Number of protein chains: 2
Amino acid sequence: MQYLKIMEAINEQIDAGLLSGGHKLPAERKLAESFSTTRVTLRESLALLEAEGKLYREDRRGWFVSPDPLRYDPTYTTDFPAMAKAQGRTPRSELLSAKRVPASRRAASLLNVKPLTEVYRIDRLRFLDERPVVVVTNFISPRHFPDLFKHNITDSLTSTYREQYGVIYSKTQFRVRSTSLMADTAHHLRATSGTPAMFVERINYDQHGNLIDCDLEYWRHDAILIESTATI
Amino acid sequence: MQYLKIMEAINEQIDAGLLSGGHKLPAERKLAESFSTTRVTLRESLALLEAEGKLYREDRRGWFVSPDPLRYDPTYTTDFPAMAKAQGRTPRSELLSAKRVPASRRAASLLNVKPLTEVYRIDRLRFLDERPVVVVTNFISPRHFPDLFKHNITDSLTSTYREQYGVIYSKTQFRVRSTSLMADTAHHLRATSGTPAMFVERINYDQHGNLIDCDLEYWRHDAILIESTATI
DNA sequence: TAGTGGTCTAGACCACTCA
DNA sequence: GAGTGGTCTAGACCACTAG
């Protein structure tokens, strides 16, 4: 189990702080040579460190040391930009697409509307310190938000809801599942298909108990730490 | 990207219900042959399905189709046996060890005591339908639970706390992180080092606000779906 | 354009599981 | 004891990134 030894060796260097967040590792062929092994075995070690959340990979760009994860409280509705800044990180968001679509089966079930009802669909890509970390899809009931696309929908829907429509989140249902990235989602995150991911699904209600919208979030799994407190 | 095609082919069979939870796949060499490829490539596909949570592996035993995950509400303090039964599953717990130990740095920090303070440490392995799914370590402040080991500490600490000591959970802090299994933990779960895992850490308080204990849980990542509702 | 990571081949040996 | 999965070797070609 040579790959475990290699893994430990790299791990030690990370823990010792010799390699810090965002640092790029040497080329695979060079690492393989310096550990006297083949690329296949070396990649096994790297994949393990990726699974553990110590390293991440950018497609065809190489291996990097993972920065500290963002602490994320799904019960708390601070928006992404605020949350990131509060933790000393630099957030950025890109709008991938915003359109009105007939609700897919999944979206209809989450929003509790009939399939094919027209809903807003917003896709965004969010960055932490210029690293893409999450792809977010929102399905939104248009009934509560006429002309939503006339406002800022890129940075924080939470803020737009509040400032433009007087709608405030008051209840949220969430699910968290471990999975992997595929196709487009992987590509936006500069990842290859199969990269480990955290999937977070939320359904949000306003102060009157109305179902407002839902999020489907695919996070690079090393970039997020779910953290919350519950009083029973 | 042959491995994606193989992945889809297997995926379809699972979704079509041809292969259901717990079903064992044919030998790797046979699968490789039937897809006209080598074991290395075939294993790449299987690993992807593992990352996605569709398949799991038991060390040297082969590949299996993942059963539905257990829905787990970290804010709700139903004990494991009750939660499993409520979802139509058969739970079982094994005591791996129970001892008094000087608190490790991590344990001391979680329990908010001085390092090396003596605490209880209980390690357990829990099964769903005879599949090992989670290794749980509890660190417990002995102050609140004299002679704890005289009672049932295998099945449900929650019940023992309540019935023997009148202690009821009233607040819980939790963290969820995606990681991988290593060494002993992997072995107990019949997994190899590096298998994807969900790590759940909880700190629990009683009805008077006293810090009671903490859990460190390593779940097979396909066996758990975190699910909760929060009112803000 | 040079070098990199992504993918794939065709083997091999070993320790272990299971019948 | 046969067959399995776990690990490893020593290559190869390609599409892409980075300079």
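As the structure is a prediction and not an experimental result, all values here were calculated from the model. Within every chain, numbering begins at 1; the chains are lettered A, B, ... in the order of the sequence lines, protein sequences first and strands thereafter.
- Near DNA chain C, defined here as any heavy-atom distance below 4.0 Å, the residues from residues 34-42 of chain B are B/Thr37, B/Thr38, B/Arg39, B/Val40, B/Thr41, listed numerically.
- Applying the ring-ring contact (aromatic ring centres under 6.0 Å, His included) definition to pairs two or more places apart or across chains, none involves residues 121-140 of chain A.
- Non-hydrogen atoms lying under 4.0 Å from DNA chain D are contributed by nothing in residues 46-58 of chain A.
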Pairs: protein N or O with nucleotides 17-19 of chain D N or O, under 3.5 Å:
none

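- Residues passing the ring pair (Phe, Tyr, Trp, His ring centres under 6.0 Å) test with A/His187: none are found, sequence neighbours excluded.
- In this structure, the nucleotide among C/dG6, D/dG6, C/dC8 sitting nearest to the side chain of B/Gln2 is C/dC8.
- Of the listed nucleotides (C/dG5, D/dT4, D/dT7), D/dT7 has the atom at the smallest distance from the side chain of A/Glu44.
- For the strand DNA chain D, secondary-structure stems (runs of at least three Watson-Crick or G-U pairs, all distances below 3.5 Å) span C:1-18 with D:1-18.
- Residues meeting the side-chain hydrogen bond (donor to acceptor under 3.5 Å, both in side chains) test with B/Arg177, sequence neighbours left out: none.
- Applying the side chain to side chain contact (heavy atoms under 4.5 Å, CB included) test to B/Leu55 and every residue at least two apart in sequence or in another chain returns B/Ile14, B/Leu25, B/Leu46, B/Leu49, B/Trp63, B/Val65.
- In this view, A/Asn138 satisfies the side-chain hydrogen bond (donor to acceptor under 3.5 Å, both in side chains) rule with no residue, not counting sequence neighbours.
- Evaluation of the ring-ring contact (aromatic ring centres under 6.0 Å, His included) test over residues 25-60 of chain A, restricted to residues two or more places apart or in two chains, returns A/Tyr56-A/Phe64.
- Residue pairs meeting the salt bridge (Lys or Arg N to Asp or Glu O under 4.0 Å) criterion with at least one partner in residues 64-85 of chain B, sequence neighbours excluded, are B/Arg71-B/Glu227.
- Contacts classified as salt bridge (Lys or Arg N to Asp or Glu O under 4.0 Å) and involving residues 33-47 of chain B (residues at least two apart or in different chains) are given here: B/Glu28-B/Arg39, B/Glu28-B/Arg43.
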